[in-house]
Peer 1: 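Got a structure for you, written out below as structure tokens; questions coming shortly.
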Amino acid sequence: MSRTVLITGANGEMGHALIDRLAQETSTNIIAVDLHPLDDQLAAKVGTNLAGDVSDPRLWDELGTHDIDEVYHLAALLSTSAERSPERAHNVNVNGTMGLLSMSRAIGARVGRPVTFLFPSTIAVYGLSSVEAKERAGAVKEDEHCQPITMYGINKLYCEQLGSYMSRRYGQLLDQQQDVLDFRALRFPGLISAHTVPTGGTSDYAPEMIHAAAQGKDYACFVRADARIPFMAMPDGVQALLQLAAAPRASLSRTVYNIGAFAPTAAQIASRVTGHWPSVAVSYAPHPKRQAIVDSWCADVDDSAARADWQWAPQYDEESAFNTYLIPTITARYGG
Ligand code: AKB
């Protein structure tokens, strides 16, 4: 049976990876939305390609005419960008999400089955009050330490709750008669892709360092050597989204799940990088605001709920992420 999926933020890092993966399925019709026109190689892989702002009601109206089965709402202003333009972040991250949730429930009501809404949330929803508190907390569970200090974290935490509310209000959790929306969220760690370099995030130091080194460039890291947050290889991030989307609803004990893979310090990432590209130097020039953001995020996540409910297990740990995915693929990308 064929299905129609909507991907917002299609031009972003995860959009690229998700489209590459879904385009391999002949039964999937992809509607891609981004603020900017899609890259040519990406545009060739999607059925419908729309340029637009996710907070624009005209876009919701246009998308609402399609019989969409699944929404992957990837468009967002990430943590560093959101600190630079908090009002804009609120508009895109919150108003855009609310508009797409309402659009999804209207589609669900029209076609008579629930639209599955996949929401990428983040470790930015956590807010530890000090480095000592962060160390003490270790791997945090979903309901612990949810006191975000950034606009982005606040937006994402609120939208998790908004989506969960809408799912109860318009989904089978509350009323069998109104089963039109099925909201599911994943809290992603920092994602590292071998194909793209992120912009606007605060976990960007890891991918920036790796991609710089592969091009023979030194890197000045904007957080301290001892800064630690969880990371994940991009293929695992995409796999997690697809796996959660496909999980039987009855198996889900929550609407929001942590997922983890590995949690190195910046120094541990640097040591892998310089171990492989010894001519490259990594130095540390912490940026006070970005450092404070990373210090407030958890050092690691407890993802036992995802492991138990929908058998989440990352393919890549730190060793294999570097040795079998990142280093070989990035080396090939920059021509050895
Ligand atoms: C960011 O740094 O803002 C994102 C995230 C951790 O959600 N990569």
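Order of listing sets the numbers, starting from 1, for every ligand and every atom in it. Every value quoted in this text rests on a predicted model; they were computed, and no experiment measured them.
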Peer 1: Around Arg254, counting heavy atoms of other residues, nucleotides and ligands shown, do more than 12 lie under 6.0 Å from its CZ?
Peer 2: yes
Peer 1: Answer whether the closest heavy-atom distance between the side chains of His90 and Asn95 falls below 4.5 Å.
Peer 2: yes
Peer 1: Got an N/O contact under 3.5 Å between Trp297 and ligand 1?
Peer 2: no
Peer 1: Check for me whether the distance between the ring centres of Tyr205 and Tyr284 falls short of 6.0 Å.
Peer 2: no
Peer 1: Quick one: is the NZ or CZ of Lys156 closer than 6.0 Å to the six-membered ring centre of Phe119, and within 45° of its axis?
Peer 2: yes
Peer 1: Which residue and non-hydrogen atom of the protein lie closest to atom 2 (O) of ligand 1, and at what distance in Å?
Peer 2: Thr202 N, 2.6 Å
Peer 1: Could you tell me whether Thr122 and ligand 1 have an N or O pair separated by under 3.5 Å?
Peer 2: yes
Peer 1: Under 4.0 Å from any heavy atom of Gly201, which atoms of ligand 1 are there?
Peer 2: 1 (C), 2 (O), 3 (O)
Peer 1: Please state which protein non-hydrogen atom is closest to atom 3 (O) of ligand 1 and give its distance, to 0.1 Å?
Peer 2: Ser79 OG, 2.5 Å
Peer 1: Under the side chain to side chain donor-acceptor pair (under 3.5 Å) criterion, do His195 and Asp20 qualify, and how do the steps go?
Peer 2: CA-CA 11 Å; His195 301 283; Asp20 282 343; over 6 Å; no
Peer 1: Quick check: Asp204 and ligand 1, any N/O pair under 3.5 Å apart?
Peer 2: no
Peer 1: Could you find the nearest protein heavy atom to atom 8 (N) of ligand 1 and give me its residue, atom name and distance?
Peer 2: Ser203 OG, 2.9 Å
Peer 1: So, for Asp226 and Thr265, which heavy atoms are closest and what is the spacing to 0.1 Å?
Peer 2: O-CG2, 3.8 Å
